Protein chains: 2
Amino acid sequence: MEPEPKPTRIQQKNRDLILEAALSAFSSNGFRGATIDQIAEAASLSKPNVLYYFRSKDEIYQTLLTRLLETWLTPLQQLDPNGEPLEEVLQYVRDKLIMSRDFPRESRLFAHEILEGAPQLESILSGELRDLVGKAVTTLRGWMDQGRLAPVDPHHLIFSIWAMTQHYADFDVQVRAVLGPGHDPFAEAGAFLDNLYRRMLAV
Amino acid sequence: MEPEPKPTRIQQKNRDLILEAALSAFSSNGFRGATIDQIAEAASLSKPNVLYYFRSKDEIYQTLLTRLLETWLTPLQQLDPNGEPLEEVLQYVRDKLIMSRDFPRESRLFAHEILEGAPQLESILSGELRDLVGKAVTTLRGWMDQGRLAPVDPHHLIFSIWAMTQHYADFDVQVRAVLGPGHDPFAEAGAFLDNLYRRMLAV
DNA sequence: TGGATTATTGACCAAACGGTCAGGATCAGG
DNA sequence: CCTGATCCTGACCGTTTGGTCAATAATCCA
């Protein structure tokens, strides 16, 4: 095993700077579209200096992706089997919409990765993610069997929540262009989705 | 005005070949991720030959995008104000889901473009598209005012349909990874969405 | 069939890109 | 204040990429 020395103060700061800059770059241009120069400039570092902290562009991307994945999946884990079914689902929808509003770059980063066939995430998708979703599906199906939630396909219920909440981050330009000025997409979406899932899931 | 000579047989064939190859390349790698060599190989042409038919990579992309946009927006225009409200909406959902199933590359091409801020489409989004959506919104609102459809925000109703149907094309890898083998995502989604919009919109 | 038009390509170019390296600046600890 | 470790950079390298061009091949039509 390698000693794995603890990072110095400067290392901490610069690694964070780089990852922050990389998040912006990768999320708006995809992996291939983003350049190290771009990241370096956004982080106010020289290109060789960026490559002093990360061995390659790939390593920056990989680090960013895995570091963000956990955060991204947290809300789904908070679905409480002992809670009030409808309220639990609505809370999940709210959480996901808030994440789209407050962390649109993260959402777009994952969107890019999946769109391009998820070369880095494939194993996680059909591993950790599948298990996590599996648990949620069991919980949801339990509620439906008990007659506390209208019976719908639980997998597709989850997909629908992902699709509709992330849409407001990933397709933000389109949403705003179509709505025109004088709209607050996220506020309106909050009300719309609350109503939608109440109607769909109320027994 | 330029004479604009009519294309020869060979021009017709090779332009189509190139656009077909470009659709595959751009949809799976985005604009920057795709290369002219890649397109040339997929079209079984040499790179200079590709550039003989299109002046630049940009021109290929632009041509592809505008040529596909009309097809992409057709279903929304078919919303008939004189039809049965619920049935009209359900038909639109069905049409959009079929397009996701049969033309996933087109869906991903647009997804990439919007994700990256829609540099080429911005004017269309807040022009033609906004108008088109505006008409549909008027129709929907009319139905709701007449009490023939449950009252929901028409704009976000349309967004929800886009989000949920295109999700199955754009996030195909994720959907399949989470579902595991032995599933037909599009068939299941068809039933799920039919039920969803019935429950949401029934008076 | 001949000559003009159209189609095709190998060789090439400049810019952008990911990455390396030797050497100098800075910093932390004794 | 010295010394070793960490930090930083200008110059450089090989490759990829978008695009050009002169020359050759195929096609068309009078």
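Computed from a prediction, not measured in an experiment: that's the story for all the values here. So you know, we letter chains A, B, ... as the sequences are listed, proteins then strands, and number each from 1.
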*Whole angstrom is fine here: how far is it from CD in A:Q11 over to P in D:dC8?*
10 Å
*Looking only at atom types and distance, does a side-chain atom of A:K57 sit under 3.5 Å from a main-chain N or O of A:A34, one as donor and one as acceptor?*
yes
*Taking CZ from B:R32 and P from C:dA16, how many angstroms apart are they, rounded to a whole number?*
11 Å
*Aromatic rings A:Y168 and B:F159: how do their planes relate, parallel, tilted or perpendicular, breaks at 30° and 60°?*
perpendicular
*Looking at every strand, decide which applies to A:F54 at a 4.0 Å heavy-atom threshold: base, sugar-phosphate, or nothing.*
nothing
*asked:* Looking at A:S44 and A:A40, would you say the former's side chain and the latter's main chain have a donor-acceptor pair under 3.5 Å?
replied: no
*Could you tell me the separation between the CZ atom of A:R55 and the C1' atom of C:dG18, rounded to a whole number of Å?*
16 Å
*Using the six-membered ring wherever Trp is involved, compare the ring planes of A:H155 and B:H183 and label them parallel, tilted or perpendicular (cut-offs 30° and 60°).*
perpendicular
*Checking B:E116 side chain against A:S28 main chain: does a donor-acceptor pair fall under 3.5 Å?*
no
*Could you state the atom-to-atom distance from CZ of A:R15 to P of D:dC7 in whole Å?*
9 Å
*asked:* Using whole Å, what does the distance between atom C1' of nucleotide D:dT6 and atom CD of A:Q12 come to?
replied: 16 Å
_Closest listed nucleotide, where the reference is the side chain of A:Y52 and the choices are C:dG18, C:dA7, D:dC7_ = D:dC7
_Return whichever of A:A34 or B:Y53 has its heavy-atom-nearest nucleotide of DNA chain C closer to the 5' end._
B:Y53
*Rounded interatomic separation in angstrom, taking NZ from A:K13 and P from D:dT6*: 17 Å
*Please test A:R176 against A:D172 for salt bridge (Lys or Arg N to Asp or Glu O under 4.0 Å), starting from the C-alpha separation and ending with a verdict.*
CA-CA 6 Å; A:R176 288 179 195 276; A:D172 186 69; 3.0 Å; yes
*asked:* Please confirm whether the shortest side-chain N or O distance from B:R9 to OP1 or OP2 of D:dC28 is below 4.0 Å.
replied: yes
*What's the CZ-C1' distance between B:F26 and D:dT17, to the nearest Å?*
13 Å
_Pair A:Y61 and A:H112, ring centroids less than 6.0 Å apart_ = no
*Check DNA chain D against residues 35-51 of chain B and give the residues with a non-hydrogen atom under 4.0 Å, in numerical order.*
B:T35, B:I36, B:K47, B:P48, B:L51
_Whole-Å distance separating the NZ atom of A:K57 from the C1' atom of C:dC17_ = 8 Å
